[in-house]
2 protein chains.
Amino acid sequence: MADSGNGEDTRVRLLHAAGDIFSRKGYQGATIRDICRKAKANVAAVHYHFGNKERLYEAVLRHAHEDALSRFPVDMGLSGASTPRERLSAYVRALLLRMLSKGENAWHGALMARELAEPTPMLGRFVDRSILPRMEKLREIVSDILGPGADAALVGLCVQSIVGQCRNYAVARPILVRLFPDLTYDDSGITRLAEHIVRFSVAAMAHYHDRQDEGLGAETAHAIPSRPDSHVRQ
Amino acid sequence: MADSGNGEDTRVRLLHAAGDIFSRKGYQGATIRDICRKAKANVAAVHYHFGNKERLYEAVLRHAHEDALSRFPVDMGLSGASTPRERLSAYVRALLLRMLSKGENAWHGALMARELAEPTPMLGRFVDRSILPRMEKLREIVSDILGPGADAALVGLCVQSIVGQCRNYAVARPILVRLFPDLTYDDSGITRLAEHIVRFSVAAMAHYHDRQDEGLGAETAHAIPSRPDSHVRQ
DNA sequence: ACCTCCGTCAAACAAATGTTTGAAACGAAT
DNA sequence: ATTCGTTTCAAACATTTGTTTGACGGAGGT
C-alpha cells in the first residue's frame with residue numbers, strides 16, 4: 001500500500017471528501033476534481049477505488065447511512081420494559097439526532113434530503129432496507145399509544161404526522177435558520193425539539209384515544225392503506 | 001413577432017419547459033438543450049429571452065410561485081368571521097394544495113423542495129417575501145387556538161408542527177408513494193390528509209390549552225425565540 | 001537481483017454544456 | 001419598396017467534466 005505521505009487510506013479520504021462535497025453541491029454539482037482536491041488524491045483514484053462517479057456516490061450514501069445508524073441506534077439504549085411514551089421519546093430523539101447532528105460527518109441528513117428531491121435508483125433500496133423496518137417500529141409504538149381499537153389507517157396517518165414534524169427540521173433548515181436565528185441544532189436544542197414533538201403528538205393521540213368511535217372511521221378510510229404492503233421491487 | 005408555426009410565445013414555452021425540466025433534474029442536471037428541445041426553441045432563445053441559465057431559473061421560480069399562489073390563495077375564499085379551527089382548516093388545505101397539486105404546472109412543490117436541498121441566493125428573498133408573511137397568518141390562527149396565555153415560543157413550535165406535517169407529504173413523496181402505493185395526491189386525497197392534520201393538531205393544541213401552566217414554560221423556553229424577528233438581509 | 005502486484009500520478013481524450021456569433025426571416029412603419 | 005427593430009436559427013467556441021491511459025515506484029515474495 002503506497003502511502004503518498006498521508007497515513008490515512010486514500011479510499012476513506014475520498015469517501016469523506018465526497019460525502020462533504022456531494023452533500024453540499026448535489027450529485028450533478030459535485031465534480032470528481034473537487035472531491036479529489038479535497039481528499040488530496042489524484043483524479044484517477046476514484047476510478048481505481050470505486051469504478052466511476054456513480055459507484056462512489058453509492059458508497060458514500062451507504063457509508064453515511066451506516067455511520068449515522070451506528071451512532072444513533074433506534075432505541076437509544078432503552079431498557080426493554082418501558083412505557084410507550086418513553087419509547088416514542090427515544091425514537092423521536094434518535095431520529096432527530098440522526099437527521100440533524102453536526103458531528104464528524106454531518107452530511108447524512110443533507111444527503112438524504114437530496115435523495116428525496118431527486119431520487120436516484122438507490123433510494124428504493126434504502127427505503128426497503130432501512131426506512132421501512134424502522135418505521136414499522138414506530139408504527140408499533142403509535143399503535144400501543146392509540147390503543148387496540150385504532151385501525152391501521154389512523155396509525156399510518158399518525159406515524160406520518162410524527163415523522164413529518166421531525167423531518168421538517170431537517171429539510172427546511174434553510175428556512176428555519178432564517179426564521180429563527182436563535183434556533184440551535186446542538187444536542188440541547190435537539191432535545192428541546194424532541195420534547196415538544198413528543199408532547200404535541202402524545203396529546204393529539206390521547207385525544208384520538210378518548211373518542212375513538214365518533215365517526216373517525218369514515219374520515220380516515222382509504223386515506224392510507226391498512227398496511228404498508230411491504231413489497232420489494234428492483 | 002416571428003411565430004415559427006406555434007401560436008404560443010417562445011418565451012412562455014421556454015418558461016413552461018424549463019419548469020418541468022428544472023423540477024425533475026434540478027438546476028445543474030437540467031441542460032439548456034433539453035429545455036429548448038422540449039420547448040421547440042433554439043438554444044440561443046434562452047440567451048435572447050432571459051440572458052443566461054441562472055436568470056431563466058429565477059424567472060421559472062418566480063412564475064411557478066406566483067401561479068401557485070394565485071390558484072390557491074391563502075384563505076381559500078373564507079368568510080371573514082369564522083372559527084379559528086375553520087381558518088386553520090382552510091390554511092392547511094391551501095398549503096397542501098399549493099405543494100402537492102398536479103395541475104397544469106405541477107412543478108411548484110418540486111422546485112421548492114429542491115431550493116431547500118440546495119438553496120440558491122433566491123431562497124432568501126422568497127422566505128422574506130412570501131413564506132414569512134404567510135406564516136405570520138398561521139401564527140395568528142394558532143395563537144387564537146392556544147388562547148391568550150400561550151407564550152410566543154410555544155406558538156412557534158406548534159406552527160412548525162403543523163407546517164411540518166404538511167411539508168412532509170411534499171418533500172417525502174418518493175418515500176410515501178413507495179410506502180403507501182394507494183396514497184393519492186388528487187383533490188379528495190389531499191382533503192383527507194388536510195382533515196387528519198387539522199384534527200391531529202387541534203387535538204394537540206387543545207391539550208396544551210387545557211393545562212396551560214403545568215410547567216410547560218420551562219420546557220419551551222429558549223427553544224425558539226419569542227418572535228421571528230423578521231429581519232431582512234441581502 | 002528479479003519479478004509481480006498494488007497504488008499513485010500527470011497527461012490526455014472524448015463528450016457534454018453554457019454561451020456567443022452572424023446571418024436570415026418576419027412584421028410593421030416610412 | 002425600403003428600412004428598421006425584433007425574433008429565430010444553425011454553427012461554432014471555450015470550458016468543464018467523467019473517464020482512460022501508460023508510466024513510475026515501492027513492498028514483498030522467490
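Here is how names work: the chains are called A, B, and so on, in the same order as the sequence lines, proteins then strands, and each is numbered from 1.
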Where the side chain of R87(A) meets the backbone of I141(A), is there a donor-acceptor pair that is under 3.5 Å apart? no
Give the residues of residues 44-51 of chain A touching DNA chain C, defined as any heavy atom closer than 4.0 Å, sorted by residue number. A44(A), Y48(A), H49(A)
Within residues 30-38 of chain B: residues closer than 4.0 Å to DNA chain D (heavy atoms): R33(B)
Check side-chain contact (heavy atoms from CB on, under 4.5 Å) between A17(B) and all other residues, then give those that pass, not counting sequence neighbours. I35(B), K38(B), A39(B)
What residues form a salt bridge (charged side-chain N to carboxylate O under 4.0 Å, His left out) with R24(B), not counting sequence neighbours? D20(B)
From OH of Y57(A) over to P of dG18(D), roughly how many Å is that when rounded to an integer? 14 Å
Once ring-ring contact (aromatic ring centres under 6.0 Å, His included) is applied, do any residues pair with F200(A), and if so which ones, sequence neighbours excluded? H196(A)
Mind calculating the distance between NZ (K53(B)) and P (dG18(C)) to the nearest angstrom? 4 Å
With sequence neighbours left out, write down each residue that passes side-chain contact (heavy atoms from CB on, under 4.5 Å) with H47(B), or none if nothing qualifies. none
Measure the spacing between OG1 of T191(B) and CZ of R93(B) and express it to the nearest 0.5 Å. 3.5 Å
Sort and list the pairs that fulfil salt bridge (Lys or Arg N to Asp or Glu O under 4.0 Å) and have at least one residue in residues 48-61 of chain B, not counting sequence neighbours. E58(B)-R62(B), E58(B)-R125(B)
Selection residues 155-177 of chain B - residue pairs positive for salt bridge (Lys or Arg N to Asp or Glu O under 4.0 Å), sequence neighbours left out: none
Give the rounded distance in Å between these two atoms: CD of E54(B) and P of dT17(C). 18 Å
In this structure, how many angstroms lie between the P atom of dC26(C) and the CG atom of D9(B), rounded? 17 Å
In this structure, how many angstroms lie between the C1' atom of dT21(D) and the CG atom of N42(A), rounded? 12 Å
Figure out the CG/P separation between L56(A) and dT17(D), and round it to whole Å. 16 Å
Qualifying residues under side-chain contact (heavy atoms from CB on, under 4.5 Å), relative to S188(B), sequence neighbours excluded: D186(B), R192(B)
Please state whether the phosphate of dT8(D), meaning OP1 or OP2, lies under 4.0 angstrom from any side-chain nitrogen or oxygen of T10(B). yes
Between F22(B) (CZ) and dT17(C) (P), how many Å, whole number? 13 Å
To the nearest Å, how far apart are K40(A) NZ and dG7(C) C1'? 19 Å
